[in-house]
Amino acid sequence: MKFQQNFSQAQKQTQKLALTQKLQQSIQVLQYSVEELSAFVDSEALDNPLIEVIEPNYTLQYNKPMSGSGTEVNYLSQIPDNRLSLFEHLLDQIHLNYRDTYLRTLVLFLVEYIDLNGFLKITLENACEESGASPIQMLDALTLIQQLDPPGVGARNLQECLMLQTERDDRAPAIAYLVLEEHFEELVARKWPEIAKALAVPVTEIQQVFDYIQTLTPTPGASFGSTEGLYIIPDVLVKIDGEEIQVVSNRRGMPEVKFQQSYFEQMAQSQDPEVLKYLEGKKQDFQWLQKTIHQRGDTILRVAQAIITHQRDFFLHEQRPLKPLILKTIADELEVHESTVSRAVSGKYMETSFGVFELKSFFSQKVGGQNGEGEDISADTIKQRLQELIASENKNKPLSDQKLVDLLKAESLALSRRTVAKYREALGIPSSAKRKRFD
């Protein structure tokens with residue numbers, strides 16, 4: 001058998017986009033929220049002595065929200081300077097109220113297994129095995145925890161959490177604790193006539209118990225140790241004057257980077273080539289960071305301006321109607337990729353005189369039907385109309401999904417019953433059977 005090797009050389013030209021590390025970081029920066037951007041800039045400054053970060057002064061920002069009386073609300077001042085975690089809050093109460101005994105040792109042991117929502121995440125059997133305590137001792141320790149603030153802490157499930165809150169609430173209906181203890185599953189399923197029959201009380205009393213339980217919290221520990229979500233720093237600000245809508249970038253809400261010129265000039269006098277190379281590299285890093293921050297702001301502003309062009313009615317009419325709008329529409333207009341628009345609207349906010357909105361909330365798919373002017377209707381508009389119809393229904397005879405379909409059809413909004421059910425569930429609205437009231 002004859003073996004033969006043939007070697008040949010040929011040139012082949014291909015196009016390939018190589019994402020450098022800086023380009024990848026630029027893409028990532030666009031996706032950052034204001035808080036994430038600030039953290040990123042601080043991190044870059046720690047690694048670059050030529051970068052000085054000027055943090056924004058949030059107390060001197062854009063117009064504050066207005067209260068119902070028309071007075072300015074300084075929401076930042078409402079955030080406490082020091083917030084205890086749930087764990088610290090429980091420890092303070094334990095050391096204050098309970099003597100230093102073996103039982104308190106078990107209480108401290110169990111507190112280690114309380115999650116951020118206030119629930120106990122270890123079974124008493126496992127707790128006994130790990131601590132060597134008896135079941136009675138461990139149950140006594142749990143009872144002491146469940147007497148602490150906030151009401152409901154130390155519960156092992158939602159049912160027990162609601163029972164603990166009800167037990168300590170003077171406002172609770174007389175039969176509320178009994179209903180939760182013996183008929184919790186039926187109450188959740190809204191089988192109120194069955195509960196009323198079992199307890200020999202009117203259905204209206206079960207209705208009152210259900211209404212009361214709606215005022216309780218399913219996560220008693222969630223309000224501790226976090227200021228997340230208490231305020232939002234908007235990326236763009238909208239001002240409306242008659243029919244004119246102006247959108248501007250919230251530059252003062254962004255971290256500003258400043259070049260340490262004096263330090264650079266001082267170090268540049270060195271004769272060491274390595275030092276000079278280091279300085280030049282750090283100067284380029286500063287220039288890249290400054291440019292990237294500006295590009296991020298400009299891109300978000302351009303996207304916001306395009307959104308306002310398409311959703312003009314939302315800003316000018318009190319009903320806040322939204323037209324169908326998809327990412328591709330904005331991307332084509334701005335001549336960028338859809339992923340760029342997606343990054344520019346996710347986690348970015350717009351402040352108006354009537355509220356703060358995430359940019360991605362202005363995008364909505366088109367659904368069947370048209371309004372009176374022959375324009376397509378967005379899914380958000382349909383959901384809003386569903387909410388209005390259900391809010392005004394007779395609660396003793398709530399509207400079925402089919403009846404909602406018929407009412408929408410009369411308004412030239414043609415949807416299937418399945419679509420109506422999907423939108424209703426997306427809004428967190430239960431079925432007609434579960435919306436029925438007996439009072």
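- The local environment of NE2 in H337 is sparse, with at most 12 non-hydrogen atoms from other residues, nucleotides or ligands closer than 6.0 Å.
- In terms of heavy-atom proximity, L399 sits nearest to S432 at O-CB, 3.4 Å.
- Using a 4.5 Å heavy-atom cutoff, the side chains of N250 and D235 are not in contact.
- F210 has its ring centre no less than 6.0 Å from the ring centre of F438.
- Side-chain contact check for E112 versus I122: every heavy-atom pair is 4.5 Å or farther apart.
- Between S26 and W288, some side-chain heavy-atom pair lies under the 4.5 Å cut-off.
- Among residue pairs with one or both ends in residues 22-46, those qualifying as ring pair (Phe, Tyr, Trp, His ring centres under 6.0 Å) are Y32-F40; sequence neighbours excluded.
- Ionic pairing of E393 and K395 is present here: one or more N-O contacts between side-chain nitrogen and carboxylate oxygen are shorter than 4.0 angstrom.
- Two residues are said to be in side-chain contact when any heavy atoms from C-beta on lie closer than 4.5 Å; K323 and H310 fail this criterion.
- Two residues are said to be in side-chain contact when any heavy atoms from C-beta on lie closer than 4.5 Å; D92 and H89 fail this criterion.
- Closest of all the heavy-atom pairs between Q146 and G154 is NE2-O, 3.1 Å.
- Using a 4.5 Å cut-off on side-chain heavy atoms (C-beta onward), L408 and L386 make contact.
- In this structure, the side chains of D401 and V405 stay at 4.5 Å or more apart for every pair of heavy atoms.
- Nearest approach of L301 to S249, heavy atoms of both residues: CD1-N, 3.8 Å.
- Looking only at side-chain heavy atoms (C-beta outward), M138 and L110 come within less than 4.5 Å of each other.
- Ion pairing of E388 with R385 is present here, as a side-chain N (NZ or NE/NH1/NH2) and a carboxylate O approach within less than 4.0 Å.
- The aromatic rings of F354 and F315 are tilted relative to each other, their planes meeting at an angle between 30° and 60°.
- For the residue pair Q137 and S134, a side-chain donor N or O sits within less than 3.5 Å of a side-chain acceptor on the partner.
- Of all the heavy atoms in A306 and I330, the pair that sits closest is CB-CD1, 3.7 Å.
- A salt bridge links D332 with K328: the distance from a Lys NZ or Arg NE/NH1/NH2 to an Asp or Glu carboxylate oxygen falls below 4.0 Å.
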